[in-house]
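The structure appears below as structure tokens.
Any value given below was found using the heavy atoms of this structure, including those in side chains, with hydrogens, waters and symmetry copies removed.
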Amino acid sequence: MTFQSDYFDVKSLRPSRDLASSRLDDLLFREAESQFYRMCGGTGRFRVVQVDVVNNGNLNIRYRKTKERFRTEKKPLLERFVFHGTKSDAVDSIIREGFKIGGKDVAVEHGTAYGKGVYTAEDPSTAMSYTSSGRVLLSRIIPGQKDVDYNVGGSEHVFVLKTSEQLLPQYVVHYELKINY
């Protein structure tokens, strides 16, 4: 699969009631939604109201090159999803330009207790504590080698990535607190 380096698109999706649907849009929504709910610990306090699917050719190429470099260097290629919470205007910048390293490329917002880098978590509740906008980024990650390419941020499920090329923003998950919870 090849990507145009200058291709950028964000498609906003709403939940579908058609459970038998196999439309790509519905499948992409469900992928992001299910990752959010699964990693939230099943609390049921939040509801996904919209998913923005991000397709950024430049970031896609950069991520794939990093994956190939890690493969060549025989680093672990355990791809997974992680969440990142930040202020609203930063979300828009990240999906267009990619993540920036706190303390290196951008100012540090919340400290560097586990080193300079992009702080991400497998569970959305950690990311949600760093935003008030009702949306978090859901990204693919190639962590690589511990203590070389990333640090553990307080738990084995929090990754502090030393380079932004290890992350590919794929979704912006919009959520709200359920009423009558």
Heavy-atom distance under 4.5 Å between the side chains of Leu167 and Val82, does that happen here? yes
Restricting to non-hydrogen atoms, name the atom on Gly117 and the atom on Val160 that form the minimum distance, rounded to 0.1 Å. CA-CG1, 3.9 Å
Should the pair Arg140 and Phe81 be classed as cation-pi, given the thresholds of under 6.0 Å to the six-membered ring centre and 45° from the axis? yes
Is it true that Glu79 and Lys67 make a salt bridge, defined as a side-chain N closer than 4.0 Å to a carboxylate O? yes
Does any non-hydrogen side-chain atom of Val53 lie less than 4.5 Å from one of Phe29? no
Least distance between heavy atoms, Pro76 atom then Ile142 atom: O-CG2, 4.1 Å
Is there a side chain to side chain contact (heavy atoms under 4.5 Å, CB included) between Tyr175 and Arg45? Walk through the geometry before answering. CA-CA 10 Å; Tyr175 63 90; Arg45 293 180 52 212; over 6 Å; no
Between Val54 and Ile94, is there a shared hydrophobic cluster once you connect ILVMFWY residues whose side-chain heavy atoms come closer than 4.5 Å? yes
Any donor-acceptor N/O pair, Ser34 side chain to Glu31 backbone, under 3.5 Å: yes
Tyr119 and His84: ring-ring contact (aromatic ring centres under 6.0 Å, His included), yes or no, with the steps? CA-CA 7 Å; Tyr119 283 64; His84 179 79; 8.7 Å; no
Using a 3.5 Å cut-off and no angle test, enumerate the donor-acceptor pairs between side-chain atoms of residues 120-127 and protein atoms at least two apart in sequence or in another chain.
residue	atom	partner	partner atom	Å
Thr120	OG1	Phe159	O	3.2
Glu122	OE1	His157	ND1	2.6
Glu122	OE2	Arg80	NH1	3.1
Asp123	OD1	Thr126	OG1	3.2
Asp123	OD2	Ser125	N	3.4
Asp123	OD2	Ser125	OG	2.5
Asp123	OD2	Thr126	N	3.0
Asp123	OD2	Thr126	OG1	3.0

Would you sort out whether Val136 and Tyr130 count as a side chain to side chain contact (heavy atoms under 4.5 Å, CB included), showing the intermediate values? CA-CA 9 Å; Val136 291; Tyr130 292 94; over 6 Å; no
Could you go step by step and tell me if Gln170 and Ser139 meet the side chain to side chain contact (heavy atoms under 4.5 Å, CB included) rule? CA-CA 5 Å; Gln170 285 202 294; Ser139 303; over 6 Å; no
What residues, two or more places apart in sequence or in another chain, satisfy side-chain contact (heavy atoms from CB on, under 4.5 Å) together with Gln166? Thr66, Phe70, Asp149, Leu161, Thr163
For the residue pair Asn58 / Arg62, report whether a side-chain donor-acceptor contact shorter than 3.5 Å exists. no
side-chain contact (heavy atoms from CB on, under 4.5 Å) against Lys146, all qualifying residues, sequence neighbours excluded: Tyr150, Val152
Using modelled atom types only, decide if a donor and an acceptor are shared between the side chain of Asn56 and the backbone of Ile95 within a distance under 3.5 Å. yes
Test: Arg71 and Glu68 ion pair at under 4.0 Å: yes
If I take atom CG from residue Asn55 and atom CZ from residue Phe8, how far apart are they, to the nearest 0.5 angstrom? 9.0 Å
hydrophobic_cluster_shared for Val49 and Met39, side chain cutoff 4.5 Å: no
In terms of side-chain geometry, is the basic nitrogen of Asp25 or Lys11 positioned less than 4.0 Å from the acidic oxygen of its partner? yes
To the nearest 0.5 Å, how far apart are NZ in Lys162 and CD in Gln145? 10.0 Å
Are any side-chain N or O atoms of Thr86 and backbone N or O atoms of Val91, one a donor and one an acceptor, separated by less than 3.5 Å? no
In Å, rounded to the nearest 0.5 Å, how long is the span from CZ of Phe46 to OH of Tyr37? 10.5 Å
Between Ser133 and Ser88, is there a donor-acceptor pair closer than 3.5 Å when you use the side chain of the first and the backbone of the second? no
For the residue pair Pro143 and Leu78, what are the closest heavy atoms and their distance? CD-O, 3.3 Å
Tell me whether Leu24 shares a hydrophobic cluster with Val48, the cluster being built from Ile, Leu, Val, Met, Phe, Trp, Tyr side chains joined at under 4.5 Å. yes
Do Leu177 and Val51 belong to the same hydrophobic cluster, where Ile, Leu, Val, Met, Phe, Trp and Tyr are linked whenever their side-chain heavy atoms lie under 4.5 Å apart, directly or via other members? yes
Given Gln50, which partner from the list Glu176, Arg14, Glu33, Arg135 fulfils the side chain to side chain donor-acceptor pair (under 3.5 Å) test? Arg14
Going through the distances and angles, do Gln35 and Leu138 end up as a side chain to side chain contact (heavy atoms under 4.5 Å, CB included)? CA-CA 9 Å; Gln35 189 69 20; Leu138 177 57; 4.0 Å; yes
Say you draw a straight line from CG of Leu13 to CZ of Arg23; how long is it, rounded to the nearest 0.5 Å? 8.0 Å
